[in-house]
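Here's the structure, in structure tokens; my notes come after.
Along the sequence shown, residues carry numbers from 1. For ligands, and for the atoms within them, numbers begin at 1 and follow the listed sequence.
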Amino acid sequence: MNFYSIKEPIRYEGPKSESELAFHWYNPTQKVMGKTMAEHLRFAVCYWHTLCWPGLDPFGGDTFLRAWHHDSDGMHAARTKADIMFETLDLLGVEFFTFHDLDIAPEGNSLKEFNANVTAIAKILESKMAKGKKKLLWGTANMFSNRRFMAGAATNPDPDVFAYCAAQVKHCMDVTKDLGGENYVMWGGREGYETLLNTNIGHEIEQAKRFLSLVVDYKHKIGFKGPILIEPKPQEPTKHQYDYDVATCYSLISSLGLEKDVKLNVEQNHAILAGHTFEHEIALASALGIFGSIDINRGDYQSGWDTDQFAMNIPEMALAIYEILKAGGFTTGGMNFDAKVRRQSIDPDDILHAHVASMDACARGLLIAAKMMEDGKLAKLVSSRYAKWNTAENKAMLAGKENLEQIAARVLSKGIEPQPVSGRQEYYENLLNSYI
Ligand code: XUL
Ligand code: CO
């Protein structure tokens, strides 16, 4: 039985088409800067928001009434979700998907049972992937929903929870590897605190570091080729989270010397909640050498919480994709739709409309960003702003060839007097608008 009202894959019909359910901009085979749109954007559908969230909010429950949420046979529900995931991928022409272990299989009564359930469903996914030529962008363990994680996962005061998490992640990494997952994600949903009064922050950070080291050691042991991706988020569910933003994650990663193995999965709305722009977080991750992947969604600028809406703002996508192109594009990463339709969007087809609209917005962002790259005006302006660093003298200063005293002596003997230069922000902004 089909979940959606259509059976044929949604097609690219071009900007002039008036079809409601067609791609107007996303043309997977269209070449942009030498790569196809599909190769650039590497879209993924996520299990969690697409198939697991029932439409609840703090004041009301399930609005979607999906059959599998009311199925008393957990494994049957899991098989239904697997069918619908692949139906969704086929209709959208999306190559990748992502999951939490708990999204794909029921918990059962013990970790042993849970592992067996996850393995059994993974076998089903494996054959569906082979048949439909689909790939796993990343897998991750849900270590935040069950009440055992209420005081933290790896940063729980109780070492039994830390050990339990190690066991859960080990299994999820095994499954992710077996499915050819291109990355393994860690989002610290409960890795933080509610009140400092009951928290030993130093101890919890030691625990977080130990856990990350264990995961990286295991990645090498099993020969998992992709990176471990940390997904920064400042708060929600906890008041303060240890993976607050890109800069905070970098300090954790670099303190362990793990920059080669651990990269970041930057999510649009998490960036905004941390008080940054999306493009800032991508640019910073790239500058620090730890850019990995994207969770694409948007927040609501008035709400101040993680609304996980489908990203539709074209200029915002253009700026983000410009940073991704400047970073050299994705390698193992991609654009995971970590986004959910609104709780009033109760029709199955709303899921298709949401993905199509956001894929079109990303495609338009890509086209704009490619124009910005190809014409090169912005990059030229920026590099001329830093041009004086190219003189031999200034290069040597940056390379550490002079100490503070030597620099001071040079400034005084040469009579160096800095002359302010206009930052030309309004001109830059106008130039940006000319591409949009
Ligand atoms: C939560 C969130 C997660 C991570 C994976 O805000 O974004 O779905 O992407 O755990
Ligand atoms: Co996310």
>> Please enumerate all residues that pass side chain to side chain donor-acceptor pair (under 3.5 Å) together with H76, with sequence neighbours excluded.
In response: D71
> Do the charged groups of E194 and K239 touch, with an N to O distance under 4.0 Å?
Replying inline: no
>> According to ring pair (Phe, Tyr, Trp, His ring centres under 6.0 Å), who are the partners of H100, at least two apart in sequence or on a separate chain?
In response: W48, F144
> Which atoms of ligand 1 are found less than 4.0 Å from any heavy atom of K233?
Replying inline: 6 (O)
>> Is it the case that ligand 1 has an N or O less than 3.5 angstrom from some N or O of H270?
In response: yes
>> Show me which atoms of ligand 1 lie under 4.0 Å from any heavy atom of D295.
In response: 9 (O)
> Should you measure from each heavy atom of H100, which atoms of ligand 1 turn up under 4.0 Å away?
Replying inline: 5 (C), 8 (O), 10 (O)
> What about the rings of F337 and H355, do their centers lie closer together than 6.0 Å?
Replying inline: yes
> Does a side-chain N-to-carboxylate-O contact under 4.0 Å join K233 and E236?
Replying inline: yes
> Where does the angle between the aromatic ring planes of F99 and F97 fall among parallel (under 30°), tilted (30 to 60°) and perpendicular (over 60°)?
Replying inline: tilted
>> Closer than 4.0 Å to some heavy atom of D306 - which atoms of ligand 1 meet that?
In response: 6 (O)
> When the aromatic ring centroids of W53 and F64 are compared, is their separation below 6.0 Å?
Replying inline: yes
>> Taking 2.8 Å as the limit, list every protein N, O or S atom around the Co ion (ligand 2), by chain and residue number.
In response: E231 OE2, E267 OE1, D295 OD2, D338 OD2
> For ligand 1, which atoms, with element, lie under 4.0 Å from some heavy atom of E231?
Replying inline: 2 (C), 3 (C), 4 (C), 5 (C), 7 (O), 9 (O)
>> Measuring centre to centre across the rings, with the benzene-like ring taken for any Trp, is W68 within less than 6.0 Å of F3?
In response: yes
> Who are the side chain to side chain contact (heavy atoms under 4.5 Å, CB included) partners of K377, not counting sequence neighbours?
Replying inline: D375, L431, Y435
>> I'd like to know if the side chain of Y4 pairs up with that of E87 as donor and acceptor (distance under 3.5 Å, no hydrogens or angles considered).
In response: no
> Hey, is ligand 1 close enough to E267 that some N/O pair sits below 3.5 Å?
Replying inline: yes
> Side chain, backbone, both or neither: which part of H49 has a heavy atom under 4.0 Å from ligand 1?
Replying inline: neither
